[in-house]
Amino acid sequence: MSLTLGLPSKGRLQDETLAWFAARGIEIARTGDPRQYAAEARGIEGLEVVLLSAAEIPRELARGRLHLGVTGEDLVREHIPDWQRRIRLAAPLGFGHADLVVAVPAFWVDVETMADLDEVAEAFRARHGHGLRVATKYPTLVRAFFQAKGVADYRLIDSQGATEAAPKNLSAEAIADITSSGETLRANQLRVLEDGLILESEAHLCLGRTAAWGDDGRTALAGLAKHLGTPLDL
Amino acid sequence: MNAVRQGAEHSALEEALATLGRLFAGAGYAPVTAVHLFEAEALIDLYGEDIRARAFLFPGAGGGGELCLRPDFTVPVVRAHGAEGWERRARYTYQGPVFRRQAPGSSRPMEYLQAGIEDLGDPDRAAADAGTLALILRALEALGAGPLAVTTGDLGIAFALLEALPMPDRRRHQLRRHFWRPRRFHALIEQAVAGPPEPTPARLALLEAARGAAPADAVAARAAEAGEPVGLRETDEIVARALTLAEAANEPPMPRQEAELIEAALAVKGPAGNALARLRALTEEAGVGIAPALDRFEARLAALDRAGIDAARLPFDAAFGRNLEYYEGFVFEIAAEARTDVPPLAGGGRYDAMTRRLGAAAPVPAVGAMIRPEAVLAARQSPPEAPPEAAA
């Protein structure tokens, strides 16, 4: 039985994914017309490869249309409600590291923690007449985090484009964004809160728990796990 | 739940709604209807982002603000009342579906019927509280609801205690603000007793600047050093907060007895008569005066007695009601006894403070309650069969 594997269709994530498989004896090669998202896996039997955009992979895994997929943990947690029931983050891959963090203007020397932000939110409303705004592309994760930290008096702004530019553009007071080195944040005069780490994300090899597995599928999965030298438990 | 009710089930519900409508109107509450979809801004402003976890919000049409499927009737009814003037006494009754988002996998309904009442502007709060509970109990009896488990609370006591205890205004303000988030509230108390955590080097430097010779300049200089000003928040706001932080750092810790008194008061639970006695004893022992709040509690019990309810025996829980965000006084919930398979049949409370956030210049007396008619009908039927293993 063939297992379907969804992989990122472009960019650095694709390069690192292909390198990861290649290091484990599986060569992923594009087939046919370069404009088609078709590929095949060489070095192992019964693995069908589909190239998809990063956003599509969590969704297809959740729908049970992929057995396996490579995608960022952040995308799974953000976009798939009830994800634990539908997706298994089976193996961290050691690349695609990105931290989702809460950041404020660096010149807010009176704000170091989420508790500080909470107090500032109250004072901000009194002074400016509207709630403190936080720009992000990760509303689900940010709301859960703010709620856990007891911060309620704020508004989320869906950031189109560069989230880090929002305070400068006066479209938000603070941001919650993905960062790796922190350079972009610093360049935009922003600083991460001491307790502002929402999620440390990396690329994972994921399993679609609701896909058609059956005994054959589980056997194939065990074989793949052995080949990769990585446990893969549904 | 089936999407469509038919036959006997349909008639039973229609009858229940008609009974409640007659009862509430007969008691002097004016029937009102409200839109299902309304502008969400007021609600979002009231609850912040938390509301998105509980309400269905939609983009507005043609550039208007977001719209919301009503999660309750209270906000639209009270706002409409206020639009015609807050300085009036009025009583309203309503019936209809409300819409609440639930967490994925939850079995709670996202749409259910409410039949409820709001009593606005009655300065005799004890009488209005008692009248509300009494009417709901009467209504449940009229529906044949069966044995009930009533829980009551009075958040006014905790607030009165916070007012009466000597403490820096800032601390009192934070405790009031986070009262509805018990974890945060108790953490704040712990922190108040233990003293503030060791400040970071950056915080220490900021506090030093704020305590120095020219604090505004010193703090502004630190800010400028740390980064370019970006965003709407301005340097003078940062200076103001730094000065507040410096003051707060000088605040004496909360005496442990004070923290223990707050915790002991919130732990009071039992028949209302006993609870009142215990609260009087606790506060008298501690030399803290919250007599007006306790007298109100006593007056409410007397009013409940006059309404034919055995008030002293009503179950009371001082910590109850803290998840019902806008309640600040009397609160209650009524469940079908021993029926965990059915949602609470009714609930309500006093929410004077919320009227201010809805636009009143000063808080207006406001108390209300609602019944879930579908839950009452479900409670009238036998519980679902237990699985075979549980039978033995």
Side-chain angles (χ1 to χ4, degrees), chain A residues 80-86 104-113 115-116 118-128 130-135 139-140 142-144 146-156 164-175 186 188-191 194, chain B residues 41 44-53 103-106 170 173-174 177-178 180-185 187-188 191 197 199-203 205-207 209-210 219-246 248 325:
Chain A
I80 311 298
D82 203 19
W83 64 269
Q84 287 111 314
R85 211 175 32 89
R86 307 199 263 161
V104 302
F107 93 116
W108 289 12
V109 288
D110 61 328
V111 177
E112 287 176 17
T113 62
D116 288 329
D118 179 46
E119 285 180 21
V120 164
E122 199 194 358
F124 184 87
R125 175 185 284 282
R127 160 72 168 257
H128 295 269
H130 61 85
L132 184 137
R133 298 164 302 171
V134 180
T140 307
V142 173
R143 272 186 208 117
F146 273 56
Q147 194 182 62
K149 294 283 183 178
V151 182
D153 194 2
Y154 70 101
R155 296 290 297 270
L156 281 184
E164 319 85 5
K168 190 156 199 177
N169 294 336
L170 304 184
S171 55
E173 284 59 65
I175 68 165
R186 278 189 293 273
N188 282 278
Q189 307 295 319
L190 300 172
R191 168 178 38 90
E194 292 291 316
Chain B
E41 188 57 38
I44 298 176
D45 223 54
L46 197 60
Y47 293 116
E49 282 292 328
D50 275 359
I51 193 64
R52 287 177 203 280
S106 164
R170 189 179 160 273
H173 180 83
Q174 288 301 93
R177 192 152 162 263
H178 291 292
W180 292 276
R181 282 178 275 273
R183 239 186 339 175
R184 188 85 193 271
F185 180 83
L188 282 171
Q191 224 176 76
T200 60
R203 179 56 53 97
L206 181 69
L207 293 176
V219 171
R222 284 199 69 78
E225 241 174 71
E228 274 168 37
V230 287
L232 282 181
R233 192 168 180 246
E234 296 178 21
T235 304
D236 70 290
E237 295 173 70
I238 297 171
V239 168
R241 181 139 191 284
L243 296 177
T244 309
L245 288 173
E325 233 163 273

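- Only the side chain of A:Arg125 comes within contact range of chain B, with heavy atoms under 4.5 Å apart.
- The candidate with the highest count of non-hydrogen atom pairs below 4.5 Å against chain B, out of A:Gln147, A:Lys168, A:Glu119, is A:Glu119.
- With rounding to the nearest 0.5 Å, the separation of CZ in B:Arg183 from NZ in A:Lys149 is 10.0 Å.
- A donor and an acceptor atom, one from each side chain of A:Glu112 and B:Thr200, are located under 3.5 Å apart.
- In this structure, the portions of A:Ala152 lying under 4.5 Å from any heavy atom of chain B include both its backbone and its side chain.
- Residues satisfying the ring pair (Phe, Tyr, Trp, His ring centres under 6.0 Å) criterion with A:Phe107, sequence neighbours excluded, are absent altogether.
- In this structure, the portion of A:Ala148 lying under 4.5 Å from any heavy atom of chain B is its backbone and not its side chain.
- Here A:Val120 is the residue among A:Val120, A:Asp153, A:Asn188 with the most heavy-atom pairs under 4.5 Å with chain B.
- To the nearest 0.5 angstrom, A:Asp110 atom CG is 9.0 Å from B:Thr244 atom OG1.
- For the atom pair CG of A:Leu156 and OG1 of A:Thr140, the computed distance is 9.5 Å after rounding to the nearest 0.5 Å.
- Ring-plane geometry between A:Phe124 and A:His130 is classed as perpendicular, the angle between the planes exceeding 60 degrees on a 0 to 90 degree scale with a lower cut at 30.
- Contacts of A:Asn169 with chain B are absent, with no heavy-atom separation under 4.5 Å from either backbone or side chain.
- Comparing B:His178, B:Glu228, B:Arg184 by heavy-atom pairs within less than 4.5 Å of chain A, the highest count is held by B:Glu228.
- Between the A:Arg191 side chain and the A:Trp108 main chain, a donor and an acceptor come within less than 3.5 Å of each other.
- The contact between A:Arg133 and chain B is made entirely by side chain atoms (from C-beta outward), counting heavy-atom distances below 4.5 Å.
- Of the two parts of B:Arg203, the backbone and the side chain both hold a non-hydrogen atom closer than 4.5 Å to a non-hydrogen atom of chain A.
- Proximity to chain A involves both the backbone and the side chain of B:Ile238, based on heavy atoms less than 4.5 angstrom apart.
- Looking at B:Thr235, the atoms closer than 4.5 Å to chain A (heavy atoms on both sides) sit in the backbone and in the side chain alike.
- For a residue to count as touching a neighbouring chain, one of its non-hydrogen atoms must lie under 4.5 Å from one of that chain's; by this rule A:Ala115 touches chain B with backbone and side chain alike.
- Of the listed residues (A:Asp118, A:Leu170, A:Leu190, A:Val111), the one with the most heavy-atom contacts under 4.5 Å to chain B is A:Asp118.
- Between B:Glu41 and A:Arg155 there is a salt bridge, since at least one side-chain N of the basic residue sits less than 4.0 Å from a carboxylate O of the acidic one.
- Heavy atoms of B:Leu232 lying under 4.5 Å from chain A belong to its backbone as well as its side chain.
- Heavy-atom minimum distance, B:Leu243 versus B:Ala210: CD2-O, 3.6 Å.
- The closest side-chain donor-acceptor pair between A:Glu173 and A:His128, if any, does not fall under 3.5 angstrom.
- Most heavy-atom pairs under 4.5 Å with chain A, from the set B:Arg177, B:Glu225, B:Arg222, B:Gln174: that is B:Arg177.
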